[in-house]
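What follows is one structure encoded as structure tokens, with my remarks underneath.
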Amino acid sequence: MKSIKRIGLILLIAGISIFTLSLVFPSYEITDYTVNQHFDPIIHGYQVDLKKAAAEGDTSAVTQAKIKVDSYSALRDRLLTTKGDYGVNFVAVSSAIRTQLNEHNEALKADRKGDAVIWDAPRDFAASIMRPAAAGISVGMKGLLLFLTFGLAMIGGVMYILPNVVLMGPPGIKNHHVFHEKPTNRGWIGWLVFVWLVSFYILLYFFPDYTLGWVFPTDPASQFLKNQDASRWFLYGLMYCSVMTVMAIRMYVKYRNNRYQIVRTSSVLFFQVAFAFLIPELLTRFNRPSMDFKNIWPLDYDFFFNWNLDQLIAEGTLGVFMLVWGIALIVVAVPVFVYFFGKRWYCSWVCGCGGLAETLGDPYRQLSDKSVKAWKIERFLIHGVLVFSIFMTGLTLYTYFSGVSQVAGVDTYDVQKTYGFLIGSVFSGVIGTGFYPVMGSRVWCRFGCPLAAYLGLVQRFKSRFRITTNGGQCISCGNCSTYCEMGIDVRWYAQRGQNIVRSSCVGCGICSAVCPRGVLKLENGPEEGRINDNPIIIGKEGIQLSTDVTM
Amino acid sequence: MSHTVIIGNGISGVTAARHIRKRSDDRITIISAETDHFFSRTALMYIYMGHMTYENTKPFEDHFWSKNRIDLMREYVSTIDYAKKTLQFSNGGTLAYDKLILAVGSKPNKFGWPGQDLDGVQGLYSYQDLELLERNTHGPLVKYPVKKKVKRAVLVGGGLIGVEFAEMLMTRDIEVTFLVREDRFWGNVLPKEEGELVARHMIEHHVDLRLNTELAEVIPDENGRAKAIKTKDGETIECQLVGLTAGVSPNVAFLRGGELEIDRGILVDEYLKTNIADVYAIGDCAQMRNPSKGRRPLEQVWYTGRMMGETVGATLTGTPTPYKPGYWFNSAKFFDIEYQTYGTVPARDLDGLSEFYWEHPDGKICIKIVFETATRRFHGINTFGIRMRHERFDKWLNEERSVDHIMEYLADANFDPEFYRKHEKAVVYKFNAEQGTSIIPKKRSWKRIFSIA
């Protein structure tokens, strides 16, 4: 058994290492063919516009289209003439392409031809030129590489996990050595994983040109699902589902004595694989607007962006259904389900971010900060993000309906871009997941998610959900607080005999699971008596001491 | 301003301090020789097993004490001058008090076994015991893993600390032989079936459990370190560690020989007062002169310490309050199996009482209910592998409900997590078959549970 574990670990590390290295596998030979692959459809598109405008006699449209055709043709010619000097290395090639784009635009600006400037994001532009130009093992043997990365890591992960059924003894949660071992106690392995995750997210979000090497091996899977080559978001989706699947198996093994955990884990895994991954990819395959039907604004922060609204409305019946569905989730599903079940129905049963936290994040849940100070920072930050998202969406809708993109000197698109960068990418991805190994598994959910803030407000003030404390049975051992991923000091309430009613509680149920004395139970009871600020601890007759909140 | 000094920063002393602070502006000082801050003694095992750090075991953040003006002193009290109301510390310092609360806790029992004080022989009660265990098994605290020093340990005395000790050692791959004097595990508390259930589970965890076996002596090696033990049957068992887990007794040696009246513990009246004016004793070290009905004079559990702390806190702040613990309750965990009890279930001698026992086919879940044979009044319940709602059983005990009533409403008392399999039907089915009753179990009702009219 131990040797199976060891082999599994070796395979896992090998898979992750090969994946990491596959970044540098491809080389790029830019040829006339690859450059034209990018430009031909674009230029062709503007030529069509040009003809149409000419036929309609719209002179200003003719001028505009002509400027674009000329500008793109000029840029294409630049690339065609300089391509021999780019080398083959991905950093050099990307840099050279971006230099050409920049010089092209600078020249236009110098000539006061602002209309002709090509506003493509430089790295996306570079990636688009580079993709058809790739060569090497990543392109030649995609299937093999997919096996050597995803395949090895997943097989290794499962081999590392399954022997615990025997090695860890009879069913029951064994958190042995969690604080002794370096991956889970902020030891050097934890920090290494931290660096890896943060680097991964930075590359994934901001360097589409550099990460092509990771994307190529997933082409076969993407082709299979939607008849297209993979994008970096397909890579991310596939990876997300693979990681969650393996780590869900770990949950099944670790918490196999606890049916709440089994059912809940199955639920988050299902919603991730089906709703967040398969359905959107299949919609794309059938040329429909892609939608994650469980993603709710304001977590789904671009739901009201004009391109999305336009796309949905243009789509007809399905699009309108999607629009109505998305709004119904916000105004009906959230309050109604939170009232009956608490925010857990979403955060630890449905949500993708929650799903990753509850599977990949489980080994790190004990690293969340339980101090009152952390709680203060949390409330400030998460409600700040909620306000920011409402402000941003308000501007967006104003712009959508009025057509005015500036309100009191604030540009809607700048606000959207800032939100997308700061909250959508840095906070939810780089920090939210990257910080798992040092700050616990729910960094984003606890400090940043505006939807969690909204769900939390409903949970705090209008819900049947609470964690009931079982009379006087608490021994203040602290397992509950230690393993609360949201950093709630559960013990503080339990030892006073007080129900836990906190906006941040995602109802993962681990406090109840690790309690050695059967003190905690997640319940959807009547609202009456749910909040008991002055609890009486059972066990003593004669005096009833009321306890104030500060002690 | 009156100065209340509390010796001992365990659950009893700290609860007393908190309740005095809530109700008065008195100066409060807590003295401990053990640790700077209050930690949960019950969580020591989790530090050793790596489930938690010492910091995680502190129920209050460090700033709590200054914020609530509770002074903490790390001192060892050597003597007390009751006439001058002054404490003398081992380092020569002194501290005057107006009121004194003794919450000095327990120490592990040693029954005069030859070799009981050898190196490698220890109990498990204090933070220092935990540090000693780290040295005895692996080296300094938190440096894990290091080279294994201990292959086998022998534990002496079958109770709660023993089973926790066994669980701890096994997380470090140390084999455990467990000597239990009685014919069953925790024989002075658990009836036969429950004792057997726990024993089975320990054996499943590869504990070498020896019932009806007593320690004769601990045998030293040439360095004065335990190398084996001998049982009263003459068997020698090689081991590198001996854990003494045969219960605890009040830690009152340093108080003996003075005016303070001490029997096994410090004798107190129902107001937790000792025989000396302005001196109180609470928690493990306190022995009730006249315990309430059904309660023992010494009850060394977390809950009684906490309740005594609350009670003495009220008394010292102008509301003289007798200590009246309600119905007994307790809980524990034996490896993976949780145990709860409400009311009283005698281990032996069911004098005038009847019992009902149900066990799940997997042998890890059971319920034992004891009731008065003549009146059918419910007397107590033991549950293993099922969580029960304390408030429900406390209510039923106070209302003096019959066993039949409890069977009917058993679902209301279930406290297992959601989606767990329910057992009420099976339990009541067996009860009806044995008792000739025809009770139909009611479905769970929130209205009843939360007592909404």
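Chain letters run A, B, ... following the sequence lines, proteins first and then strands; every chain starts at 1. These numbers were taken from a predicted model, which means no experiment stands behind them.
- Heavy atoms of Glu418(B) lying under 4.5 Å from chain A belong to its backbone as well as its side chain.
- If you measure heavy-atom distances from Val519(A) to chain B, the contacts under 4.5 Å come from the backbone alone.
- Taking the six-membered ring for Trp and thresholds of 30 and 60 degrees, Phe329(B) and Tyr303(B) have ring planes inclined between 30 and 60 degrees apart.
- At a 4.5 Å heavy-atom cutoff, the contact between Asn414(B) and chain A is made by backbone atoms alone.
- Using a 4.5 Å cut-off between heavy atoms, Phe415(B) contacts chain A through both its backbone and its side chain.
- When heavy atoms are compared at a cutoff of 4.5 Å, Tyr46(B) approaches chain A solely by way of its side chain, counted from C-beta outward.
- Only the side chain of Tyr342(B) comes within contact range of chain A, judged by heavy atoms closer than 4.5 Å.
- Comparing Cys474(A), Gly497(A), Ala513(A) by heavy-atom pairs within less than 4.5 Å of chain B, the highest count is held by Cys474(A).
- Note that Lys5(A) lies in the cation-pi zone of Tyr160(A), set by a 6.0 Å cut-off to the ring centre and a 45° limit from the axis.
- In the displayed structure, Arg6(A) atom CZ is contacted under 6.0 Å by at most 12 heavy atoms of other residues, nucleotides or ligands.
- For the atom pair OG1 (Thr42(B)) and CD1 (Ile11(B)), the distance works out to 8.5 Å, reported to the nearest 0.5 Å.
- Under 3.5 Å, the side chains of Lys254(A) and Asn175(A) contain a donor-acceptor pair of N or O atoms.
- Contact of Ser481(A) with chain B is not made at all, since no heavy-atom distance falls under 4.5 Å.
- A cation-pi arrangement, defined by a distance under 6.0 Å to the six-membered ring centre and an angle within 45 degrees of its axis, is present between Arg379(A) and Trp375(A).
- The number of heavy-atom neighbours closer than 6.0 Å to NZ of Lys373(A), taken from other residues, nucleotides and ligands shown, is 12 or below.
- Both the backbone and the side chain of Thr468(A) come within contact range of chain B, judged by heavy atoms closer than 4.5 Å.
- Between chain B and the options Asn479(A), Val178(A), Leu522(A), heavy-atom pairs under 4.5 Å are most frequent for Asn479(A).
- When the candidates Gln473(A), Glu523(A), Gln495(A) are compared by the number of heavy-atom contacts under 4.5 Å with chain B, Gln473(A) comes out ahead.
- If you measure heavy-atom distances from Arg464(A) to chain B, the contacts under 4.5 Å come from the side chain alone.
- Neither side chain, Tyr271(B) nor Thr311(B), offers a donor N or O lying under 3.5 Å from an acceptor on the other.
- No other option in Lys333(B), Lys364(B), Glu391(B) has as many heavy-atom pairs under 4.5 Å with chain A as Lys333(B).
- For Arg306(B), the part sitting under 4.5 Å from any heavy atom of chain A is the side chain, from C-beta outward, and nothing else.
- Residue with the most contacts toward chain B among Gly172(A), Pro516(A), Gly525(A): Pro516(A) (heavy-atom pairs, distance under 4.5 Å).
- Relative ring orientation between Trp492(A) and Phe64(B) is described as perpendicular, the plane-to-plane angle rising above 60° on a 0-90° scale split at 30° and 60°.
- The residue among Ser476(A), Gly471(A), Gly529(A) with the most heavy atom pairs within less than 4.5 Å of chain B is Ser476(A).
- Between Asn499(A) and Thr469(A), the side chains place no donor N or O within less than 3.5 Å of an acceptor N or O (distance only, hydrogens not considered).
- Heavy atoms of Arg491(A) lying under 4.5 Å from chain B belong exclusively to its side chain.
- Ring geometry for Phe419(B) against Trp349(A) counts as tilted: the plane angle lies between 30° and 60°, on a 0 to 90° scale.
- Residue contact with chain A, scored on non-hydrogen atoms closer than 4.5 Å, involves the backbone of Asp416(B) exclusively.
- Judged by a 6.0 Å distance limit and a 45° cone about the ring axis, Arg466(A) is positioned over the six-membered ring of Phe450(B).
- Taking Arg387(B), Met388(B), Arg392(B) one by one and counting their heavy-atom pairs under 4.5 Å with chain A, the maximum is reached by Arg387(B).
- In terms of heavy-atom pairs under 4.5 Å with chain A, the best-connected choice from His51(B), Arg389(B), His205(B), Met45(B) is His51(B).
- Inspection of the Arg23(B) and Thr319(B) side chains reveals an N or O donor paired with an N or O acceptor under 3.5 Å.
- Of the listed residues (Leu520(A), Asn185(A), Asp489(A)), the greatest number of heavy-atom pairs within a distance under 4.5 Å of chain B belongs to Leu520(A).
- At a 4.5 Å heavy-atom cutoff, the contact between Lys58(B) and chain A is made by backbone atoms alone.
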